[in-house]
Amino acid sequence: MGHELRHSAKWYVATLCMGAVFLPPYIMQSHAAAVAGGGTGASHAADMAGRMQPAEQQAVVQARPAPAPGTGGAADLLAWPGVPRLGLPVLRMPDFAASAAPAAGASLPPLPWLALAATWDPDLARRAGSARARSEWQQARAVLRVGGVDLLPSGRLQAGEDQVLAGSMVGMIGAGLLAGHVLPVFGSVTREEHARADGAVPDRTTQVPVARLASQSLLGVAMALETAHGGAILCGGLAPCQTVTGLGAMVHDAWRFPGMVMTPPGGAGMIRDADIAPTLAAVAAGVDMEQVAQDEGSHDVFGAALRQAVRDGSVKPAQVQAMVMHILASFYMSGSLEHPPSFASVHNGAQSTSADTLMADVEAQGAVLLQNENRVVPFDPAWGPVLMLVRPALRPAAEKLADALRHTGLNVTLSVTTEGAGAPGAPGTLPPATAQAARTLVLSDGNDDNRMISTLAEMGGHVAVVLVADDPDRQMPWLDTVDSVVQAWAWRDEYAQPLAALLSGQQDFSGHLPVTLTGGFYPPGMADADYRAFTRAHVIPLFPFGYGLSTHGHLTLSDLRVVRDGNHMIASFAVTNPDDAPVRAVPQLYVEMPDDLPGAGRRLAGWRSVMVAPGHTVRLSVPVSLRLVGQWNPTGGNWTVAAGDYTLSLGLSSVMMMRHATLHLPALHVPGALDSTPAPAVTAE
């Protein structure tokens, strides 16, 4: 079984097909080569767990505070103790209860999840994972929490709006991490990271059967594990792990995933008055490892309470050994037990040039052109100067962008408003230059700018707005009065040059929204404002999931055909670029179940990211897993596909469908185990 956990080109092709993406052979070969010497598999994990003494087994089910020498006693650094007697090293990791924020001494900031997802580019996601692995390695950390997917539906900023997109992209980040001997842990969103326009956080006190989440949030986790071919699962962010009932059985029995389920501090419950009930509940819920933070004795569920439970027979030694086996299997997947990072290499050096380049690529491919009336973007130098207008807080970012735009040949003047500019009763607070400007570029990071933008647009000049915040619910009351709108995501200084290249026309916009932009308005009763909820409510959002414009041309989609091949539907279609400039296409496939089935509705089934040369047509083939149209069968541990007519729609967003094809399927059962067999290859003909 050990060879089944190795990273191989064969697995890589198969799992990528789940996300309907395509990587050239040289990428697959280099990835396989990089990790071929990684973990030795579940059989090695079982053997090593069996060689441990009971006290050693009970020690390795926790990661406890252990600041590293020379790090200033960083309180958020935890250590898995290893077993020196058996050659198992100490492995350090962050405290996963902390919200996504730059770790102390990190040479890279957190990965920009929404900007990266907006690229719809799996190779870029893998590169991002590899870059982050190098940073973690330099800081002697061997485990990293990866956002984008979660066990519970948990908002659209840290856990993606669509499980197919999020699971595939997050899985590719995980593949890059594993190649660098860093273990990716998928989930779990903290309460602080769950953001909505109305500030609401869902009630997670009611237990949820795991089967109810199988085709929802858990699908993204499964796809991430498949695509990465390894990792671990984190529960207990928004609610205790026991909230999802049957998790362990789903992960280990149905999915046949040999790795671990772990929890951040507090995610397994609290110990009070020597009561071991939380410990028994955590073991029953399938938790294998617990993080224990500083001064969190009440959350020490797998410490003294577990030892007591083993002594009195409430927890069998075999259960602890199984937990250890799952932990070791995850670490063997990453190769970190054979290749642990050394504290001798820890340094706080400056961010590398490769990291700068990576973040620039994320912005170049992830910035989304939402609106472009009068073709104001790209800015033409022949139209004269451009006035850039910002509030004081954004001045540093604006200065970098203005300098980058000047290097493209544009005449740019920067003007900084006073606080409250454009507010009612204060019409004179906008700088005088705005009254004469023919073209104004506004950088905006929040709704506080809305009145200023509206006042500016009413002056009659051309206005382009660049949104530099991750806010899917950003209000845009000025949308009908401005010319152009760009979603550029949360600002990073590395974004200045690629954004200037996009605004000046040196590079085409090719990003597509990974979330629905709601404008702050939800249909009545909607809890999660994702694209499927808008479709069910028959409400058109401000900008739909998958949407994005190009300045260089347009594409046509044609000749959609669908056939069945085993547990996949194979969709083939043509993409044509009739214009005179290359255009990066992101054609998207959405699948609909028959109307009389539970959960019927349109969902993303796959996509391709491909550059189409001027005047050329490419024919693409994309496999779609039948799991996406199945209902989870908890009794059989598989997916049940009902007989009926299933429709695949091809388009450029969740609401812009251009071609449709229907395929009749017989009643089928699709295995629940994570896919490790070759699926039909994704090809470009």
Return the [atom1] to [atom2] distance between [X] and [Y], rounded to the nearest 0.5 Å.
X	Y	atom1	atom2	value
Thr243	Leu238	OG1	CG	9.5 Å
Leu151	Cys241	CG	SG	7.5 Å
Asp121	Gln365	CG	CD	4.5 Å
Leu91	Leu78	CG	CG	12.5 Å
Leu234	Phe186	CG	CZ	11.5 Å
Asn638	Asn633	CG	CG	5.0 Å

Are the side chain of [X] and the backbone N or O of [Y] linked by a donor-acceptor pair below 3.5 Å?
X	Y	result
Gln57	Ala49	yes
Trp137	Ala142	no
Ser330	Met260	yes
Glu338	Pro340	no
Trp120	Val586	no
Asp150	Gly187	no

Close side-chain approach of [X] and [Y], heavy atoms under 4.5 Å:
X	Y	value
Trp80	Gln62	no
Thr119	Met169	yes
Trp632	Thr640	no
Ser130	Arg126	yes
Pro81	Val90	no
Leu124	Asp361	yes
Thr227	Met172	yes
Met52	Val83	yes

Non-hydrogen atoms of [X] and [Y] that approach each other most closely:
X	Y	value
Ser654	Tyr531	CB-CD1, 3.8 Å
Ile327	Val60	CD1-O, 3.5 Å
Phe96	Gln291	N-OE1, 2.9 Å
Trp639	Pro671	CD1-O, 3.8 Å
Phe257	Leu225	CZ-CD2, 3.8 Å
Val368	Gly548	CG1-CA, 3.8 Å

Assess the side chains of [X] and [Y]: does a donor N or O sit below 3.5 Å from an acceptor N or O?
X	Y	value
Gln163	Arg603	yes
Ser336	Ser334	yes
Thr516	Glu161	yes
Gln139	Arg141	no
Asp473	Thr518	yes

Basic-acidic side-chain contact under 4.0 Å: Arg627, Glu226: yes

Pairs where residues 130-189 contributes a residue and the test disulfide bond (SG atoms under 2.5 Å apart) is met, not counting sequence neighbours: none

Qualifying salt bridge (charged side-chain N to carboxylate O under 4.0 Å, His left out) pairs, either residue in residues 162-181, two or more places apart: none

Derivation and outcome, side chain to side chain contact (heavy atoms under 4.5 Å, CB included), residues Leu358 and Arg127: CA-CA 8 Å; Leu358 175 67; Arg127 287 173 50 208; 4.0 Å; yes

Stepwise side chain to side chain contact (heavy atoms under 4.5 Å, CB included) check, His568 with Leu626: CA-CA 5 Å; His568 291 81; Leu626 292 181; 5.7 Å; no

Stepwise side chain to side chain contact (heavy atoms under 4.5 Å, CB included) test for Phe302 and Val283: CA-CA 9 Å; Phe302 283 171; Val283 172; 3.9 Å; yes

Is the [X] ring parallel, tilted or perpendicular to the [Y] ring (thresholds 30°, 60°)?
X	Y	result
Tyr590	Phe545	perpendicular
His326	His252	parallel
His181	His339	parallel

Val641 vs Val670, side chain to side chain contact (heavy atoms under 4.5 Å, CB included): CA-CA, chis, key distance, verdict: CA-CA 7 Å; Val641 178; Val670 179; 4.0 Å; yes

